[in-house]
Undergrad: 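Quick one: the structure is below, questions incoming.
To find a chain, count down the sequence lines: A is the first, B the second, and so on, and within it residues start at 1.
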Number of protein chains: 2
Amino acid sequence: MTPTPQPGIEHSTCMAMTDILNRIGDKWTVMVVGMLSRNGTMRFNELKRSISGVSQRMLTLTLRNLERDGLVTRTIFPEIPPRVEYSLTELGRTLKKPIDSLWAWSEQHGEAVGKARGVYDGRQVPARAEAPRRYAGAAG
Amino acid sequence: MTPTPQPGIEHSTCMAMTDILNRIGDKWTVMVVGMLSRNGTMRFNELKRSISGVSQRMLTLTLRNLERDGLVTRTIFPEIPPRVEYSLTELGRTLKKPIDSLWAWSEQHGEAVGKARGVYDGRQVPARAEAPRRYAGAAG
DNA sequence: CGGTATCCATTTGGATACTG
DNA sequence: CAGTATCCAAATGGATACCG
């Protein structure tokens, strides 16, 4: 796709970026990586509980993709009941930095974005005394 | 929607992160922000040409979302032919850092990911990615 | 426990046509 | 030039059922 080379940014870089965004941009990847980054090694249902909202199917798919990309290792312990542990590879751990960067941004500016949306949508969120709930509630 | 509080990461932070990821995770946002970050102010078709692959519809939607989120300003010059210029707001410029972080990661590790995929898919050369095949040794 | 398989509603996004 | 409107195919992803 996109056979036309454009000036400014190199085509291959552009492709790589798009590719990476397709991976980390999907609904659950960043959460999974974030959890594994914080907690080290985690079991399947442990991850599922900690993310809370992810379906079994999506968690499985997300983990498979991460494994395929060399970002996560999957270790099966042949026990009864079965145990499967996931952890970040060295490559996966390098993702911590950019993800932390995103995380920090969302903490610092998420509220501003919510406010901007309120303004754009035509309602004046700011000085509203009746329902002072922000879009998601700040850290409290 | 997710009433169950989970340990580890605060719920509100999680929500904000998800929210932000939904914005920057879509197909074109990062490209648009990257272009505006590099080039300053750009016109609609200038952006369209530089991204090359984006449809008019998607570029419009992406820019509208960015404008709604307070990340991009849209300036209409009432001329014939019409001219509309886009640029990042101050808030939008704060996105440069996390996006650069992602960009750097994809430049540094994109190849490793491609290689890992090749290995996972059962071949050494990441030439063409077809439907995800089951790799030998997984089961049966 | 840790999955897989299937079904199906919703979302996404390209193509195309039309407008001021 | 810079959109808007409509249509429709493909991808996404939750729900459910079943399996080793």
Undergrad: When you measure from the side chain of M58(B), which nucleotide among dG2(C), dG14(C), dT4(D) comes out closest?
TA: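 The listed nucleotide nearest to M58(B)'s side chain is dG14(C).
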Undergrad: From dC1(C), dG14(D), dA2(D), pick the nucleotide closest to the side chain of R49(A)?
TA: dC1(C)
Undergrad: What does the B/S/- profile of nucleotides 15-20 of chain D look like, 5' to 3', with a 4.0 Å heavy-atom cutoff to protein?
TA: B----B
Undergrad: Report the distance from atom CD of E85(A) to atom C1' of dC1(C), rounded to the nearest whole Å.
TA: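 It is 13 Å, rounded to the nearest whole Å.
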Undergrad: Once ring-ring contact (aromatic ring centres under 6.0 Å, His included) is applied, do any residues pair with W28(A), and if so which ones, sequence neighbours excluded?
TA: none
Undergrad: Using the side chain to side chain donor-acceptor pair (under 3.5 Å) rule, take T73(B) and S87(B) through it: C-alpha gap first, then chi angles, then the decisive distance, then the call.
TA: CA-CA 6 Å; T73(B) 59; S87(B) 58; 3.1 Å; yes
Undergrad: Relative to the 5' end of DNA chain D, which residue comes earlier, D26(A) or R74(B), by the nucleotide with the nearest heavy atom?
TA: R74(B)
Undergrad: When the distance from CG of N22(B) to P of dT11(C) is rounded to whole Å, what number comes out?
TA: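 So the CG-P distance, N22(B) to dT11(C), works out to 12 Å.
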Undergrad: Output all residues satisfying salt bridge (charged side-chain N to carboxylate O under 4.0 Å, His left out) with R74(B), sequence neighbours left out; order by chain, then residue number.
TA: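 R74(B) satisfies salt bridge (charged side-chain N to carboxylate O under 4.0 Å, His left out) with no residue once adjacent residues are dropped.
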Undergrad: To the nearest angstrom, how far is L59(A) atom CG from dG14(D) atom P?
TA: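 My rounded result for the distance is 11 Å.
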Undergrad: Any base atoms under 4.0 Å from F77(A), or only sugar-phosphate, or nothing? Heavy atoms, all strands.
TA: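 The residue F77(A) makes no contact with any strand.
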Undergrad: Rounded to the nearest angstrom, tell me the gap between atom CZ in R43(A) and atom C1' in dG3(C).
TA: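 Distance, rounded to whole Å: 13 Å.
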Undergrad: Does the side chain of Y86(B) get closer than 4.0 angstrom to OP1 or OP2 of dC1(D) through an N or O atom?
TA: no
Undergrad: Not counting sequence neighbours, which residues clear side chain to side chain donor-acceptor pair (under 3.5 Å) with N45(A)? List them please.
TA: none
Undergrad: Looking only at the side chain of P81(B) (C-beta and beyond, no hydrogens), which of the listed nucleotides dT4(C), dC1(D), dG2(C) gets closest?
TA: dC1(D)
Undergrad: Just the rounded figure in Å: distance from P of dT12(C) to CZ of R64(B).
TA: 18 Å
Undergrad: What is the distance from CD of E79(A) to C1' of dG3(C), rounded to the nearest Å?
TA: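 One finds 16 Å between C1' of dG3(C) and CD of E79(A), rounded.
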Undergrad: Please confirm whether the backbone N or O of D26(B) pairs with a side-chain atom of T29(B), one donor and one acceptor, at under 3.5 Å?
TA: no
Undergrad: To the nearest Å, give me how far apart NZ (K27(A)) and P (dT10(C)) are.
TA: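 Rounding to the nearest Å, NZ of K27(A) and P of dT10(C) are 14 Å apart.
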Undergrad: dA11(D) P sits how many Å from N65(A) CG, rounded?
TA: 14 Å
Undergrad: Just call it for K48(B): base, sugar-phosphate, or nothing, with non-hydrogen atoms closer than 4.0 Å on any strand.
TA: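 If one applies the 4.0 Å heavy-atom cut-off, K48(B) turns out to touch nothing in the nucleic acid.
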Undergrad: Partners of K96(A) by side chain to side chain contact (heavy atoms under 4.5 Å, CB included), sequence neighbours excluded?
TA: S37(A), D100(A)
Undergrad: Can you name the salt bridge (charged side-chain N to carboxylate O under 4.0 Å, His left out) partners of R57(B), sequence neighbours left out?
TA: none
